[in-house]
Amino acid sequence: MRVALVVLAAVGAALVGRSLGTVPARRARVLREAMDALQILRIQMLERLLPLHAALAQARFEPFRMVGERMAAGGDAAGAWRVLLPAFSRRGGVLDCLAQEDMAALAALFEGLGIGARAEQEALLSKTARELGRLEGEAAKAGAEKGKLYTTLGLLCGLMLAIAFV
């Protein structure tokens, strides 16, 4: 009975540690989704020549889609982004795992969307894609490191708890 309790405590604590380590990995996943949506936006806007609100509304990334829908009702990309940002970034929101620099890169994107000629839009999309790629790489690396660290710490705490049971 004690052996089962010891094993259960160690495994349970390791799983708790592992679940705590998923937050940085989630950040990397959300940034990858944003980069994918950005590439689709580039195609829709610059090659298919769809209006900005229609190109955003067709995105598979919820924040882009919602900004596009809000723009269709009237307004610009920056204004729609500012209005929707609190809902995106609140606890449980789509973007609640993003860091300040991630949000700054997305804000800079929406501030420049729809302003300027095709070449300026292409430069903005390229710059944002590079920045999000850099941030995603950092987040993925941190996620892998923290995932291992938290799992190990959870296992060690579980073992300490198991020793206390014995």
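Here, residue 1 is the first one in the sequence, and each next residue gets the next number.
Taking hydrophobic clusters as Ile, Leu, Val, Met, Phe, Trp and Tyr residues chained together by side-chain heavy-atom distances below 4.5 Å, Leu46 shares a cluster with Met71. In this structure, Ile43 is not a member of the same hydrophobic cluster as Leu56, with clusters built from ILVMFWY side-chain heavy atoms closer than 4.5 Å. The same ILVMFWY cluster, assembled from side-chain heavy atoms under 4.5 Å apart, contains both Met103 and Leu132.
Annotation: side chain of Arg27 is in contact with side chain of Leu98 (closest heavy-atom distance under 4.5 Å). In this structure the side chain of Val67 never reaches within 4.5 angstrom of the side chain of Val83, judged on heavy atoms. Within the 4.5 Å cutoff, the side chain of Leu52 has no heavy atoms near those of the Asp76 side chain.
The two atoms that bring Gly93 and Arg26 nearest to each other are O-NH2, 3.4 Å, heavy atoms only. Of all non-hydrogen atoms in Glu136 and Ala28, the two that sit nearest each other are CG-O, 3.5 Å. Phe64 approaches Ala59 most closely through the heavy-atom pair CB-CB, 3.6 Å.
Residue Leu85 holds its CG atom at 11.5 Å from CZ of Arg90, rounded to the nearest 0.5 Å. Taken to the nearest 0.5 Å, the CD atom of Gln58 stands 13.0 Å off from the CE atom of Met45. For the atom pair CG of Leu124 and CD of Glu122, the computed distance is 11.0 Å after rounding to the nearest 0.5 Å. For the atom pair CG (Leu38) and CZ (Arg42), the distance works out to 6.5 Å, reported to the nearest 0.5 Å. Once rounded to the nearest 0.5 Å, the distance linking OG1 of Thr128 with CE of Met35 reads 12.0 Å.
Glu120 meets the side-chain hydrogen bond (donor to acceptor under 3.5 Å, both in side chains) test with no other residue; sequence neighbours excluded.
Considering Leu135, Leu95, Val30 as possible partners of Asp102, the one that fulfils the side-chain contact (heavy atoms from CB on, under 4.5 Å) test is Leu135.
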Worked verdict on Phe61 versus Ile40 for side chain to side chain contact (heavy atoms under 4.5 Å, CB included) = CA-CA 10 Å; Phe61 188 54; Ile40 292 170; over 6 Å; no

Could you please spell out the steps behind the side chain to side chain contact (heavy atoms under 4.5 Å, CB included) verdict for Met66 and Val94?
-> CA-CA 11 Å; Met66 291 179 70; Val94 178; over 6 Å; no

Could you walk me through whether Leu41 and Leu113 pass side chain to side chain contact (heavy atoms under 4.5 Å, CB included), step by step?
-> CA-CA 11 Å; Leu41 179 64; Leu113 276 179; 4.2 Å; yes

Could you check Glu111 against Arg82 for side chain to side chain contact (heavy atoms under 4.5 Å, CB included), going step by step and ending with a plain yes or no?
-> CA-CA 10 Å; Glu111 289 294 327; Arg82 282 191 297 272; 2.7 Å; yes

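Checked by atom type and distance alone, the side chain of Gln121 pairs as donor or acceptor with a backbone atom of Ile115 at under 3.5 Å. Counting only distance, with no hydrogens or angles, the side chain of Arg91 and the backbone of Asp96 share no donor-acceptor pair below 3.5 Å.
The aromatic rings of Trp81 and Phe110 lie parallel to each other, with less than 30° between the two planes, well short of the 60° mark.
One finds a salt bridge joining Glu131 and Arg134 here, because a Lys/Arg side-chain nitrogen approaches an Asp/Glu carboxylate oxygen to under 4.0 Å.
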